[in-house]
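This chain uses plain numbering: 1 for the first residue, then up along the sequence.
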Amino acid sequence: EFGHLPLLLNTDGTKLSKRQNDLHISSLKEKQYFTESISNFVSLVGGGFNNKEYSLKHIYSMDQLAQRFDVSKIHTNSGKLEMERLDDLNNACLKDKLSHEHTRTEVISKCRQLLKDSYVDFNDLDVSDEIIYKYLSWLQDRINNIKDIVSPSYAYLWKSPSNDMNLETNQDTMLKVLETLEK
């Protein structure tokens, strides 16, 4: 038997096209989206599920998705891929993985590799399991993706402030700021 799935659309309603590089699973994995997040994201579009809560806070395993799948429930209308939902699902997946010891280790290892790839002075960083877990626990409500831990916004977690600053330049800058404020 054969079936046709509904057309998938970008958020703006245009057709999803591989020729336009709209979406590739490999690019999502390179961007550090969890496999479980991607599969749950795809399951949100087009229907096909019995008793599946359409929540962005709950991650279903592949077995759970397979058990709930029903071909007669597939929608006939086109479905839009709303990428912000993927971020929400990835955040839920991150929280879930951090709450279980066996998956926490995998996340910590991936974070360590991201840090190694991002910082030239990696060997000078404190990247123990305990530190990475501590920071991830603190960040879990602030980030949607583990790659966010190496963003400039969170560099202060991994690197101490530099003492290499040119004091003359900083004094000049401060004087200009003060002059501007006095006006």
The test is side-chain contact (heavy atoms from CB on, under 4.5 Å); show your working for Thr103 and Leu98 and say whether it passes. CA-CA 7 Å; Thr103 53; Leu98 288 176; over 6 Å; no
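- With Ser109 contributing its side chain and Thr105 its backbone, the two residues share a donor-acceptor pair below 3.5 Å.
- With sequence neighbours left out, Ser61 forms a side-chain contact (heavy atoms from CB on, under 4.5 Å) with Asp63, Gln64.
- The stretch residues 25-39 participates, sequence neighbours left out, in these side-chain hydrogen bond (donor to acceptor under 3.5 Å, both in side chains) pairs: Lys29-Thr35, Tyr33-Asp87, Glu36-Lys97, Ser37-Asn90.
- Under a hydrophobic clustering in which Ile, Leu, Val, Met, Phe, Trp and Tyr are joined whenever their side-chain heavy atoms come within less than 4.5 Å, directly or via other members, Ile143 and Ile108 fall into the same cluster.
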Under the side-chain contact (heavy atoms from CB on, under 4.5 Å) criterion, do Ile146 and Phe34 qualify, and how do the steps go? CA-CA 9 Å; Ile146 61 170; Phe34 296 113; 4.0 Å; yes
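- Residues Asp129 and Arg112 have side chains in contact (heavy-atom distance under 4.5 Å, counting atoms from C-beta outward).
- Below 30°, between 30° and 60°, or above 60°: for Tyr154 and Tyr156 the angle between ring planes is between 30° and 60°, a tilted geometry.
- Between the CG atom of Leu86 and the CG atom of Leu44 there is a distance of 9.5 Å, given to the nearest 0.5 Å.
- Without hydrogens or angle criteria, Arg85 side chain to Leu81 main chain gives no donor-acceptor distance under 3.5 Å.
- In summary, Lys110 and Glu106 engage in a salt bridge, as defined by a charged side-chain N under 4.0 Å from a carboxylate O.
- Taking 4.5 Å as the limit, every side-chain heavy atom of Leu94 sits out of range of all side-chain heavy atoms of Asn145.
- Note that Arg68 lies outside the cation-pi zone of Tyr60, set by a 6.0 Å cut-off to the ring centre and a 45° limit from the axis.
- When hydrophobic side chains of Ile, Leu, Val, Met, Phe, Trp and Tyr are connected at separations under 4.5 Å, Leu9 ends up clustered with Leu7.
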Would you sort out whether Trp158 and Asp126 count as a side-chain contact (heavy atoms from CB on, under 4.5 Å), showing the intermediate values? CA-CA 7 Å; Trp158 312 108; Asp126 183 356; over 6 Å; no
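- With rounding to the nearest 0.5 Å, the separation of OG in Ser153 from CZ in Arg142 is 12.0 Å.
- For Asp141, the salt bridge (charged side-chain N to carboxylate O under 4.0 Å, His left out) criterion is met by Lys95, not counting sequence neighbours.
- Surrounding CD of Glu84 are more than 12 heavy atoms belonging to other residues, nucleotides or ligands, all under 6.0 Å away.
- Between Ile149 and Cys111, the shortest heavy-atom distance links the atoms CD1-CB, 3.5 Å.
- To the nearest 0.5 Å, atom OG of residue Ser151 and atom CG of residue Asp148 are 6.0 Å apart.
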side-chain contact (heavy atoms from CB on, under 4.5 Å), that's the test. Do Ile132 and Val127 meet it? Break it down for me. CA-CA 6 Å; Ile132 294 174; Val127 291; 4.1 Å; yes
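- Between the side chain of Asn91 and the backbone N or O of Gln140 there is at least one donor-acceptor pair closer than 3.5 Å.
- In this structure, Ile59 CD1 and Asn40 CG are separated by 4.5 Å, a value rounded to the nearest 0.5 Å.
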Identify all side-chain donor-acceptor contacts of residues 115-123 below 3.5 Å with residues at least two apart in sequence or on another chain.
unit_1, atom_1, unit_2, atom_2, d
Asp117, OD1, Gln113, NE2, 2.8
Ser118, OG, Leu114, O, 2.8
Asp121, OD2, Lys159, NZ, 3.0

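- With a 6.0 Å radius and a threshold of 12 heavy atoms from other residues, nucleotides or ligands, Met83 has its CE atom above the threshold.
- Judged by distance alone, with hydrogens and angles left aside, the side-chain atoms of Asp12 form a donor-acceptor pair with the main-chain N or O of Thr14 at under 3.5 Å.
- Residues in residues 74-83 take part in no salt bridge (Lys or Arg N to Asp or Glu O under 4.0 Å) pair, two or more places apart or across chains.
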